[in-house]
Every structure is written in C-alpha cells, then in structure tokens.
Novice: 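Pasting in a structure now, in structure tokens, and then I'll have a few things to ask.
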Amino acid sequence: MSAAPAQFPTATILAYPRIGRGRELKRALEARWAGRITEAELTQAANDLRKANLARLVELGLNPTDASLADAPSLYDHVLDATILLGAIPPRFDGRTGLDLYFALARGDDKVGPEEMTKWFDTNYHYLVPEIGPDTPLRFADDTVTRRFIDAREWGYVTRPVLVGPVTYLALAKADPATPDFDPLTRIDEAVAAYEEALASLHAAGAPWVQLDEPALTSDNLSRTRVELGELAARVYERLAAATERPQILLTTPYGDASHALPALAKTGVEALHVDTLRGSLPEGADLSGVTLVVGAVDGRYIWRADLAELREILKRAQSLGAARVTVATSNSLQHVPHDTALETWDDATLDENLHAWLAFADQKVVEVVALARGVDQGWEVIDAEVAEATRILEERAAAPGVVRPEVRSRTAALTDADRTREPYLEREAAQTERLHLPALPTTTIGSFPQTTEIRKARAANARGELSDADYEARMREEIASVITLQEELGLDMLVHGEAERNDMVQYFAELLDGFAATRNGWVQSYGSRCTRPSVLWGDVSRPAPMTVGWTSYAQSLSDKPVKGMLTGPVTIIAWSFPRNDLALGEIADQIGLALRDEVSDLEAAGIAAIQVDEPALRELLPLDADRHADYLNWSVGSFRLATSSVRPDTQIHTHLCYSEFGQIIDAIKGLDADVTSIEAARSKMEVVPELAEAGFDHGIGPGVWDIHAPRVPGTEELAELIGLAADAVPVSRLWVNPDCGLKTRGYEETKASLDNLVSATRQVRAQRGLES
Ligand code: GLN
Ligand code: ZN
C-alpha cells in the first residue's frame with residue numbers, strides 16, 4: 001500500500017503545542033496519576049485532544065491530506081517517545097511495560113527513580129535524558145508512531161509523523177551510570193538501523209513523508225561541536241536515504257544555525273531540508289537542485305506578529321538559490337508558544353487592543369505560514385494586503401506609548417563601567433564579616449519555603465476578589481512570621497522570608513514592573529503536565545514602586561539574625577518571559593538591571609544586610625553557537641553587576657544558580673562578582689566545587705548539599721560527608737551550607753527534617769574541624 005511520491009506541502013509547521021487549549025493533556029495526566037481515571041480514559045482523552053488539534057490546524061488553513069499536518073503528539077515528552085521507539089530502556093526499569101514503563105521513566109515509581117530531566121536546547125522545556133551504555137537495547141521496539149498514522153488516516157487525515165532524529169537522540173543522551181565514560185554516539189550505526197525499520201513500518205502503512213528533527217546540528221553546547229555533528233549527520237542521512245522502503249524524509253534543523261551542514265545534507269538523498277532562518281541562515285552557495293528547501297521563516301520561539309515584508313524578502317532570496325522547490329514553515333516546533341491570542345483579555349483596554357494586534361501565538365503563526373506559502377506558490381502580489389497590514393501594525397507598535405520611553409533609554413545610555421563595579425572583594429569580605437557576625441560554615445536556604453495549599457488558596461481568593469488585599473497581606477505576614485520562627489528554631493544562620501507572596505519568581509516581578517503584561521491562558525509546557533505562563537515583555541522596563549522592601553523589612557523586624565533580600569536577576573526574567581524582539585537582549589537586560597538596582601538600593605537603605613539575586617537561567621540562555629558565547633556572557637554578567645553594584649562594601653550580595661552543567665559558564669560565574677554563590681551540587685556530589693576552585697573562583701560559595709528535587713530526606717551522615725567534600729576543595733572560611741534550590745515544591749514535613757539534618761551535619765563538621773559556631 002505504498003503511496004506515490006508526493007511533493008512536500010507548501011505550508012507546514014514543525015509541530016503544534018500538545019498540552020491543549022484548555023490544558024486538556026495536563027488534566028488528563030494528573031487525573032490518571034491520582035487514580036481518578038483509567039488508563040483507557042487517559043488514552044481516550046489524548047486521542048480526543050489529538051483529533052481536536054488536527055481539526056484546528058485544518059481550520060487554520062493547513063491541508064488535511066498532503067502531509068502538511070506535522071503530527072507529534074506526546075503523552076509526556078518527545079525524547080521519551082524516541083526512547084520507547086528504540087527500546088532504549090535502562091535496566092533498572094526491567095519488568096515494566098506499556099504506560100507503567102512510560103510513566104516510570106518519566107516520573108519514577110515506588111521502586112525506581114526516573115530518568116534525569118534537562119533543558120531542551122536554549123528553551124525552558126525539559127526533556128528526559130536517554131541513558132545509553134554499550135549494552136542498552138537499540139532496535140525498532142515500538143510501533144506507536146505507525147499506529148498513530150493509521151488512526152489519523154481513519155479520521156480523514158494524512159499526517160506527517162515527527163521523530164527526534166538519530167544524531168540528536170544520541171547527542172542528547174548521557175552515559176548509562178554503570179559505564180560513566182561511555183560515549184552514546186558510538187552506537188549511531190545501531191540507532192540508524194532501528195530508524196530504518198521505523199521508517200519501513202511507516203512506509204508500509206502508507207505514510208508519504210516523515211519528519212526527522214536534528215536540532216543538535218545547531219548546537220556547540222553538546223559533547224561534540226555542531227560541525228562534527230553535521231559531518232556525522234551527512235553519513236547517517238546518506239544511509240537512511242538509501243533505503244528503498246521508506247517515506248520521503250524532511251530533515252529539520254531548528255533553534256539555530258546549521259548552515260555549515262546544509263550543503264552536505266542537501267546531497268544525502270533526503271527529499272526536503274528545513275532551515276531555521278530566525279536563528280540560522282540560508283544555505284547560500286549549496287547545490288540544492290535535488291531537495292525541497294523548507295524555509296523556517298515564521299518565528300516559533302517567541303510570540304510577535306511576523307514582519308511579513310521581511311520574511312517575504314528571505315523567501316525571495318531562498319527562491320533564488322536553485323532549490324528544486326521552496327516551501328514555508330515555522331523556525332521550530334510551536335510547542336514553546338501558547339495556543340491562541342483569542343483566549344486572552346487584558347484589563348487595560350489600550351493594552352488589550354495593542355497586544356491582540358501585536359502578538360501571534362501558535363494559531364496566528366499557522367495563519368502567517370499559510371499566507372506566506374500563498375505568496376511563494378501563487379506570486380507575491382496575492383498577499384500584498386496581508387504584508388501591508390503586518391507592516392502597518394509593526395509601525396504602530398514601534399510608536400505606541402510605553403514601547404520606547406526616553407527616560408529609560410537615557411538612563412541606560414549613560415551607564416559606564418563604574419556602574420557595574422564594586423569595591424575589591426577582600427575589602428568587602430572584611431566589612432561583611434564585621435557586620436554579619438556569622439559562624440564558620442554559615443547555614444542558609446535559597447529563598448522559598450513550601451507553597452502550601454493554604455497559601456495558594458489565599459492568593460486565588462484574593463485574585464477572585466473574595467479575600468481583600470488587606471486580609472491577603474495579613475495572611476502572607478502570618479506565613480512569613482511562621483517561616484522566620486521555624487528557621488530560628490532550626491538554628492539556621494542567615495534567614496529568608498520564604499517567598500510566600502510570590503506565585504512565581506519571574507511573574508511576581510513582571511506584574512510589578514512597567515513594560516510587562518501577564519497572560520491568563522498563555523500556558524506553555526515546561527515538562528510533562530507542568531506548564532508555565534511566561535509574561536509578555538512588550539515595552540521599556542521600569543519600576544514604579546518598591547517590589548519587595550515591605551515583605552523583607554517585615555521579616556527582618558522579627559529576627560536578630562540577618563534576613564536575605566530576594567530578587568530575580570535580569571537574565572532569568574528574560575529567559576522565563578517572552579522578550580520583545582525589537583531591542584537587543586543586552587539592552588533589555590540593562591533596563592531590568594536598573595530597575596533591580598533601585599530595589600537593591602532600597603533594600604539596603606531599609607537595613608537589609610544581604611541581598612540575593614537569583615540567576616538560575618544563566619546557563620539556559622547560553623547561545624547554541626560558540627561564536628555568540630562571548631557577547632552573551634558579556635551582557636548577561638554586565639546586567640547582573642549593574643543590578644548589584646550600587647551597594648556599600650558591607651552589604652553582602654548573593655546569587656543562586658541551578659540546572660547543573662556549569663562548565664561552560666564558569667568564567668561568567670566568576671564575572672558576576674557576587675560575594676556568595678549558591679549552586680546546585682548535591683546530585684553531582686560536589687563536583688562543581690573543585691572545578692570552580694581550579695578556575696580561580698575565590699569568593700564565597702554554597703554548594704547545595706540537599707537535592708530538593710526529590711521528596712527524600714537526606715541523613716545527617718550523608719550531608720556531613722558532602723560538606724566535608726566541599727570543605728576539602730575550598731577554604732572553609734568561604735564555604736556556606738545550603739540546599740540545592742528553593743523549597744517551594746517540597747512539603748513542610750520533609751523540609752523540617754532535612755533542614756534539621758543540614759544544621760546538625762554542619763555542627764558536626766564544625767566540631768570535627770575545630771571551627772567556631
Ligand atoms: N529564590 C528562588 C527560590 O528559592 C530560587 C529558585 C530557583 O533557583 N529556580 O525559590
Ligand atoms: Zn535553583
């Protein structure tokens with residue numbers, strides 16, 4: 001039943017959001033995990049959602065039967081789906097099958113821990129990291145992808161199944177912990193053989209096209225450079241293309257620049273080649289005569305209405321490169337943007353009108369792709385009206401009040417290096433020691449305490465108008481008081497107020513700063529059933545009033561011990577929002593940096609002696625291509641220093657970083673020049689401490705000793721051992737003891753027990769080493 005070769009569809013997207021307009025997938029998954037629905041009901045809900053998504057894409061203008069419909073439904077994660085397809089199951093999961101296996105890999109079960117999770121390229125989406133050793137099975141083990149194709153055809157659609165490509169799959173894998181030095185990419189031939197079988201199965205079912213995603217070819221941040229991965233991919237795709245029993249192949253290179261690899265890939269025999277023209281560039285000078293060039297013109301990462309005039313020029317240029325055909329797509333999967341701007345309303349009427357005109361979520365982007373494809377297909381004049389409309393809206397946006405604010409621009413323009421420089425560290429250290437009176441190995445936490453159901457309920461009631469602002473504030477003050485009492489009882493040395501009043505460490509600030517707009521339904525999948533709602537950063541940023549001073553001063557008034565002020569840094573605010581696309585990130589970061597600088601000064605003036613500025617996303621925004629690293633590190637570090645350099649030498653600046661793999665940003669960590677850096681370290685057994693020391697980092701450091709990502713309570717012995725390991729690597733006078741990250745997702749019982757052990761372990765180490773306490 002093989003299909004005749006069909007040409008690649010003129011309009012397509014690389015994938016559609018899979019969480020659902022009403023977060024149907026989230027609800028179904030969580031209902032299943034809580035035992036409220038059966039496995040069959042979960043499958044039914046997932047099928048209904050998939051059907052609704054396919055129908056919606058057709059309604060938006062994609063062709064139902066020519067493989068335009070990129071079909072990438074996943075119950076949890078698409079990398080996990082590839083692990084299942086390949087049967088690459090780590091041995092600890094033996095004995096499990098079906099959804100029990102699937103969810104055990106994703107979330108662990110009562111006997112085993114899950115696969116590790118890490119961030120997908122430079123996005124805030126987390127995938128499950130494959131664990132590959134020399135003996136991990138790699139074969140075509142599961143035909144879900146084929147069955148899904150057949151199901152969709154029964155519903156009346158000819159879809160284009162989407163798979164993570166073999167190079168990317170192995171490039172993202174880590175070694176099986178039993179063989180830590182093993183290089184997963186050495187298994188590439190077996191992986192390719194498995195993909196050959198998967199493609200044969202799709203072919204037998206009549207699939208005309210398959211999409212293989214190879215974003216690894218755009219990244220220098222993996223175990224090989226993107227050039228090396230490109231060379232490997234050329235060999236791999238030559239082999240895959242040589243198979244006769246297969247669908248036609250679309251090879252995609254989203255998220256960055258794969259132009260180094262495109263000339264070779266164009267000659268492998270794959271029928272269509274995608275290029276991300278948002279982050280990458282067109283394959284100038286390549287022989288494209290044998291391929292369809294699928295131009296990823298419409299931005300799949302951010303949420304701004306496209307500049308159709310500019311994209312038309314890119315597409316015209318693409319049409320001049322001699323490709324067999326040129327078609328239009330998104331730069332990457334739309335999974336990183338919310339479903340539909342029609343689901344939003346903003347309270348301010350002008351903002352509401354403006355944002356509806358300026359923004360394009362997934363559905364609006366599909367319409368943009370379809371319009372551009374009509375231009376490519378039928379001649380550019382047929383979309384003159386759409387192009388003119390897009391240009392008019394962009395001009396209106398540029399001139400709208402709040403987009404450019406002279407008082408903000410003149411402040412950033414006047415900045416000099418002096419604004420980013422504090423007194424020398426040794427001078428600060430002496431002044432802080434004198435002011436803070438801390439014991440050796442001071443203990444502290446990262447900021448948040450458990451966000452209990454009561455706290456969430458109070459916030460929701462306040463948002464609905466059922467709890468007055470005064471009552472809400474009183475409720476949060478009670479919470480702060482109880483968190484302070486608890487920390488004093490536990491014997492912690494530097495306290496925090498606990499962040500009860502914050503829904504989210506970025507949204508909280510976005511709501512208080514000018515230039516941001518929160519969304520109501522702008523949910524984006526973070527991992528599995530977890531979604532975030534990034535704010536839209538649309539205008540110049542400034543701080544109309546202090547944001548944290550009241551809460552922090554209240555907390556400090558309750559204790560003689562120092563309470564740390566707690567702010568989120570510019571890079572993290574940008575990374576977890578949708579930043580504007582009409583201003584360089586460095587300039588946006590400085591605007592946020594200045595707003596934070598004012599907050600830092602106000603905290604200092606209120607008597608707060610230590611202020612933490614969190615930058616957990618510092619690693620995440622590191623550009624994929626190495627050529628852009630230096631510039632990024634320069635502006636990201638610069639904006640942090642801008643936020644934190646206004647204070648006196650005796651005010652202690654802390655920062656916090658998480659999400660492992662600090663190797664590439666060690667110089668940046670040094671560059672932040674924070675007095676104390678707390679950093680995730682428990683899972684890697686303090687590995688980062690000697691690494692930092694060797695790199696010449698010599699300020700205060702608090703390597704996390706308690707892995708807060710799991711509900712487990714670490715024992716005193718284990719904690720003392722980790723503290724000892726750190727104390728062997730750096731001078732004890734600069735070592736702090738703290739958990740890996742904030743405690744907002746933990747319960748009170750585990751929090752109390754773990755912190756109690758953390759304080760006992762610290763006392764033990766102090767005693768062993770004859771340190772004062
Ligand atoms: N201060 C924040 C908290 O404790 C830091 C969170 C983070 O690193 N993601 O919750
Ligand atoms: Zn953290």
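Whatever order the structure lists ligands and atoms in, that order sets their numbers, starting from 1.
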Novice: Looking only at heavy atoms, is any part of Ser448 under 4.0 Å from ligand 1, and if so is it the side chain, the backbone, or both, or is it neither?
Specialist: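 Contact part for Ser448 vs ligand 1: both backbone and side chain.
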Novice: Taking C-beta and beyond as the side chain, do Phe662 and Ile665 meet within less than 4.5 Å on heavy atoms?
Specialist: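 With C-beta onward as the side chain, the pair touches.
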Novice: Which ligand 1 atoms, with their elements, are less than 4.0 angstrom from a heavy-atom of Cys658?
Specialist: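 Going through ligand 1 atom by atom, the ones under 4.0 Å from Cys658 are 8 (O).
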Novice: Compute whether any side-chain donor of one residue and acceptor of the other, for Thr552 and His497, lie under 3.5 angstrom apart.
Specialist: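 Looking only at side-chain atoms, His497 and Thr552 do not form any donor-acceptor pair under 3.5 Å.
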Novice: Please check if any side-chain donor atom of Ser601 sits under 3.5 Å from a side-chain acceptor atom of Ser646, or the reverse.
Specialist: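 Yes, Ser646 and Ser601 have a side-chain donor paired with an acceptor closer than 3.5 Å.
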Novice: Taking only heavy atoms of Met566, which atoms of ligand 1 are found under 4.0 Å from at least one of them?
Specialist: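 Numbered from 1, ligand 1 contributes 1 (N).
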Novice: Find all atoms of ligand 1 within a distance of less than 4.0 Å from any non-hydrogen atom belonging to Gly742, and give their numbers and elements.
Specialist: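 Contacts of ligand 1 toward Gly742, numbered from 1: 3 (C), 4 (O), 10 (O).
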Novice: Any atoms of ligand 1 less than 4.0 Å from a non-hydrogen atom of Cys741? List them with their elements.
Specialist: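 Listed by number with element, the hits are 7 (C), 8 (O), 9 (N).
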Novice: Give the atom numbers and elements of ligand 1 that come within less than 4.0 Å of a heavy atom of Gly447.
Specialist: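 Under 4.0 Å from Gly447, ligand 1 has these atoms: 4 (O).
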Novice: Can Arg18 and His78 be counted as having a side-chain donor-acceptor contact under 3.5 angstrom?
Specialist: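 Side-chain D/A pair, Arg18 to His78: present.
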Novice: Taking atom types as modelled and ignoring hydrogens, do the side chains of Gln764 and Thr716 form a donor-acceptor contact shorter than 3.5 angstrom?
Specialist: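 No donor-acceptor contact under 3.5 Å links the two side chains.
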Novice: Between Arg422 and Asp675, is a salt bridge (charged side-chain N to carboxylate O under 4.0 Å, His left out) present by the stated rule, with each step listed?
Specialist: CA-CA 11 Å; Arg422 297 185 70 197; Asp675 298 304; 2.7 Å; yes
Novice: If I take the Zn ion (ligand 2) as the centre, what angle separates the NE2 atom of His656 from the SG atom of Cys741? Nearest 10 degrees is fine.
Specialist: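 Value, to the nearest 10 degrees: 120°.
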Novice: Counting heavy atoms only, which of Gln612, Met505, Gln451 is nearest atom 9 (N) of ligand 1?
Specialist: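 Closest candidate by heavy-atom distance is Met505.
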Novice: Could you tell me whether the side chains of Asp493 and Thr443 share a donor-acceptor contact shorter than 3.5 Å?
Specialist: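 Note: Asp493 and Thr443 side chains meet the donor-acceptor criterion.
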Novice: As an exercise, identify every atom of ligand 1 less than 4.0 angstrom from a heavy atom of Asp614.
Specialist: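 Answer for ligand 1: 1 (N), 2 (C), 5 (C).
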